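Just so we're clear, the structure is a prediction, and the values are computed from it rather than from any experiment. Here is the naming used below: chain letters follow the sequence lines, and residue numbers restart at 1 for every chain.
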Amino acid sequence: MNARGPTRFASGSAYWGAVAWLALVVGVGVLGPWLPLPYPPATPDLAHIAIPPGWGNSAAAHYFGTDPAGRDVLAELVFGARELLTLSLPATALATLLGASAGGAAGFWGNRGLALPLAIGPLALAAGWWLLALPYWLISSIILLIISFLIFIYQWKFARLGPRRFAGVTLPLPLDSLVLGVATLLSAVPRLVLVVALAAGPPLSTSQLLAVLVLVAWPDTARLVRAQMLRVRVQPFVEAAWASGLPEWRIWWRHALPHACQPLWASAPLSLAGLIGLESTLAFLGIGLLPTTASWGHLLGTLRQEPTAWWLVVGPGSALLFTLLALQEVARQLSGLHSSKEYFNKTASDVTAAHLRTKIK
Amino acid sequence: MHLLPTPLEELTLGESSDLSHVGSPRRLADRQAAQRALYHRLGLEEPVFYVSRSAHAPIRWYWHGTHNQYHRWVQQLLRGNLGYSYRTGQPVLALLQSALLYTLPLMAIAIGLATSLAIWLALGFALAPAEGGGWQALGRTLLMSLQAVPLFALALALLLLFANPDLLNILPADGMGTAYPPLGGLAWLAAYGAHLVLPLLSLVLAVLPGLVLPLENALRHELATPYSSTARAKGLTAWQVAYQHALPNALLPLFTTFTGLLPALVAGAVVVEVLFALPGTGRLLAEAAAAHDYPVVLAGVLLTAGARLLALLVADVLYYRADPRLRPSS
């Protein structure tokens, strides 16, 4: 794919350095509560406010100094790494999952491909009416259920008539327009502005912030997977799967989707880096999370109260920088690994595909 | 959307309204009256939307007609009134206008600088051999690392480098407005320029990698085409081929990227204006969000979406102007 070769910038040592740094961050984050830290996080030491790093003579020195609220920088650093593992990483995983399935479905079925039985329409209406408890919910839901049942019986009984006389009418779901429309709507406003506006209410809990981050992050993945799926669905091996009579969802899940998800190897680390940047920007601005939550961005933000405290920048700043650079390096390496193989030449998941592959060659 | 003050605000407002009779037992009726007055002043008495649903067990739906906050907001919006700030009571439009006075020049200069710098850098990179060393390779590596750095970290680093009493204290970092020369005149211009250097530098550096690297790829692609070979065969210099022949074609697919600058800069302004204490729209939005000042937040989001629409329009016009193939043939 890439004419200049995937390994132009990547070298082995840089890649392994990046992996080692990420492993260190993950290890520190996971083991955080059990590490022998001299001070717990989010606990102000009011006797030592904004003191520089020192080894001191007391048993419990602030090795990395304290911030203007008297919190130990080392503990905040460790628990900031934990914050990445509990917020940014799950947000990226969920956004990738959601984006891949939404974009994959939108690209595979398009606007007319996914035809639902007509009886689903009244059934969904009835369920919605019931759940929202709209006026006359009981009687309306029952009427809708009966209509749905009648349609089902009619279509089942006269199925042999084919498309004539209403028997073969289906309900095409405009999946492509739906996914693209929502994605466009969400990206009409820059991410940061959208998150700032959504977080304008009372401080969000971690799970709410997670939901907000997933909401702003999934459209990119969805667009990427959709574009790839449009290319994959016309490949010979997918047509072969159709011809061999496999069920629709199986072709999508086992044959088309694994290939459409190839670009995610490169994009997922980058989207993780983007979300880490967004999360630390929010923490830096003091919007969204509770001020007691440990975060590298928040630690950097305290610099505004104490502009000469270099120890507030060196630790979290370099940790953030190294993490983002390491993720970029990993993304570059992974994209090199996965773009060198053509997606339809990858390990075949089907005998037909393998057979076809030899014919292509 | 919750359009009610949070408990925190109620607490603050309640305390301030109680200051007049400190020590006297709080009377429930007084507090309720104060709250009603507050709700009336902020226009929060009415329901939020046309319909509402009761929160508790016998669930019912209520129809409120046009007497609701949303209807009023849209009505006022169509008349050009964005509402009044919860915090200061000033009209939101006036707040936005005075903030735009600071943000628009910043945006315009940043867009101009970033675009011209991106074109020159990309030309320089594309003319150097792909595997070669020199300043181009160094610059490319720097830009690629810069791509990973969030804007706030970049701005913070610049602030520490150039506005630190311990290191280089050559540029002002405090906001405009304090000890500021009167409007107009050379002294004012100098102070204004000095205050804009660091914000501009951080904004331009933050958007530069996203512009230069794709443009360099496009330029390399165009320089490998037969028409470039023809141009070289005619005896043009490498610079002439790149600037006059390859650049117009390489820029075409990137108009969308370049017009995406405007929204990116609007978002960047949130960070930069907060950090450098500039009284622009970004800081207005951030502070309004932190203080739950919904009319201002809504207006800020509308403005940003408007900037996006404007950018798309500009992209279309530029495509039309730059690419004769898109014009209807007469």
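- Among the candidates B:V271, B:L285, B:L156, B:V149, the residue making the largest number of heavy-atom pairs closer than 4.5 Å to chain A is B:L156.
- Side-chain contact between B:L151 and A:T281: absent, with no pair of heavy atoms (C-beta onward) separated by less than 4.5 Å.
- For A:V313, the part lying near chain B is the side chain, with the backbone staying farther off; criterion is any non-hydrogen pair under 4.5 Å.
- Within the 4.5 angstrom heavy-atom criterion, no atom of A:I276 approaches chain B.
- For the pair A:L320/B:F152, a side-chain contact is recorded, criterion being any heavy-atom separation below 4.5 Å from C-beta on.
- Chain B forms more heavy-atom pairs under 4.5 Å with one residue of A:S280, A:G301, A:G286, A:G297 than with any other, namely A:S280.
- The neighbour count for A:L131 CG, taken as heavy atoms of other residues, nucleotides or ligands under 6.0 Å away, is above 12.
- With a 4.5 angstrom heavy-atom cutoff, A:T323 does not touch chain B via any of its atoms.
- When atom types are taken as modelled, the side chain of B:R308 and the backbone of A:P190 share no donor-acceptor pair closer than 3.5 angstrom.
- Per-residue heavy-atom pair counts under 4.5 Å with chain A were compared for B:V274, B:L312, B:V266, and the maximum is reached by B:V274.
- In terms of heavy-atom pairs under 4.5 Å with chain B, the best-connected choice from A:L270, A:L300, A:L327 is A:L300.
- A 4.5 Å side-chain heavy-atom check between A:L324 and B:P150 finds at least one atom pair inside the cut-off.
- Between the side chain of A:Q328 and the main chain of B:Q147, no donor-acceptor pair closer than 3.5 Å is present.
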Original post:
Given the rule in the side-chain contact (heavy atoms from CB on, under 4.5 Å) test, do B:T304 and A:L194 qualify, once you have shown the distances and angles that lead to the verdict?
Top reply: CA-CA 10 Å; B:T304 315; A:L194 188 63; over 6 Å; no
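- For A:A188, the part sitting under 4.5 Å from any heavy atom of chain B is the backbone (N, CA, C, O) and nothing else.
- Within 6.0 Å of CH2 in A:W129 there are 12 or fewer heavy atoms belonging to other residues, nucleotides or ligands.
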